[in-house]
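See structure below.
Both ligands and their constituent atoms are indexed starting at 1 by order of listing. Starting from 1, each residue takes its place in the sequence as its number.
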Amino acid sequence: LESELKEDREGRLRFVQVPQPKGRDSFCATIARGLSQPEKTLPSVYFYDSEGSRLFEQITRLPEYYLTRKEQEILDLYSGDMLAAQGGEAGVAPEIVEFGSGSSKKTRTLLEAALSRWRGVHYTAIDISGDFLKASMRRLLDDYPELTATGIAADYEGAMPVLEGGRRPRLFLFMGSNIGNFEEDEAVGFLSMVRRGMAKGDRLLVGIDLVKDPAIIEAAYNDSAGVTEAFNKNLLRRINAELEGNFDPEAFQHHAPFVPEASRIEMRLVSLRDQVVKLRDLDLEIGFRQGESMRTEISTKYTLDAFAEIVGKAGLQVEQIWTDPDQWFAIAMLGPGAV
Ligand code: AVI
């Protein structure tokens, strides 16, 4: 594999940049496809350029965005239990491997719990946003002199071959309700991919947002400071910058209703007038009618049963669940099913 490997922090940090030769092609193809459908969509994975990652960090601190705080609450209460349940209590420290680590802020709680139990804790973080990942990994290693780490700048699939398994049990993390941004088949696909990469003794922790009063959910995606709106519209700015587009972000309205039939938030951009947008790099002209909406993200809210069903379809099983006292959010520990 032609990965670029760098060492940093006196050898405590390895940084792997997985080349994405098709990155630009698939960006172009996915955007073109999404905008050419009768019901236009833009894929939410493209939110996270450096500005998008910065805006998302801001979202996690909003008073309305309960998800991050609730998940943090669960980690504060149960990190020790989670590590014990993984089976590492008496033996060796598990390697902690996180998909979509972002700023790794919440992971600190789990890492601290691990560092207080074992020497030689290793953390591997996978994130698509390379610069963002590198900066947060450096901060992490400066704060925890005992920690060693690997940063992998890649998409999840691209990272799988880079993960070296087998030497010690691994605790995979997929936190923050990231799984909720997948359609069901994608969620099953992701979980199946992790299952295939799992050795005996490995476990996966998944953070999920639970079904609750829709007003609470909707407030989290329609914050009064307008940060989620800026995050949503940043996708248009990114397309303008990277595909020579002329989207006018002001000509679209942020709309993020909870759709009960699908048990999810659907984040949309609604055209405020009839307009034609040009993407010169794609040689594409797209017409929007006034009131026409384009879907930019789904964010699924699960019941524990609905989640267990998806987990089962991926050949895994839910071994344990931790929730916050209000039961707004949950962290589930998944292990290989009984096959
Ligand atoms: C990253 N993901 C779990 C967030 C969510 O809540 O679905 C992304 C987000 N979209 C709007 N606000 C936050």
Query - Residue Lys278 excluded, over 12 heavy atoms near NZ under 6.0 Å - result: no
Requested in this report: Return a yes/no value for Asn181: is any of its N or O atoms, backbone included, closer than 3.5 angstrom to an N or O of ligand 1?
Outcome: yes
Query raised in the report: Which one holds for Asn232 and ligand 1: side chain close, backbone close, both close, or neither close, with close meaning a heavy atom under 4.0 Å?
Result: neither
Query - Taking atom 4 (C) of ligand 1 as the reference point, the nearest protein heavy atom with its distance - result: Tyr65 OH, 3.3 Å
Query raised in the report: Would the number of heavy atoms belonging to other residues, nucleotides or ligands and lying under 6.0 Å from CG of Asp131 be above 12?
Result: no
Query raised in the report: Could Arg170 and Asp202 be called an ion pair, given the rule that one side-chain N must be under 4.0 Å from one carboxylate O?
Result: yes
Query raised in the report: Among all protein non-hydrogen atoms, which one is nearest to atom 10 (N) of ligand 1, and what is the separation to 0.1 Å?
Result: Glu297 OE1, 2.7 Å
Requested in this report: Find all atoms of ligand 1 within a distance of less than 4.0 Å from any non-hydrogen atom belonging to Tyr48, and give their numbers and elements.
Outcome: 1 (C), 8 (C)
Report task. Give a yes or no on whether a salt bridge exists between Glu39 and Arg295, defined as a side-chain N under 4.0 angstrom from a carboxylate O. Result -> no
Report task. For Ser177, take its heavy atoms, then give the atoms of ligand 1 lying under 4.0 Å from any of them. Result -> 3 (C)
Report summary line: Any heavy atom of Phe47 under 4.0 Å from ligand 1? The part involved is neither
Report summary line: Closest to atom 7 (O) of ligand 1 among protein heavy atoms sits Ser299 OG, 2.6 Å
Query raised in the report: Does the gap between the ring centers of Phe190 and Phe99 come in under 6.0 Å?
Result: yes
Report task. Assess whether atom CD of Glu309 is packed by more than 12 heavy atoms of other residues, nucleotides or ligands within 6.0 Å. Result -> no
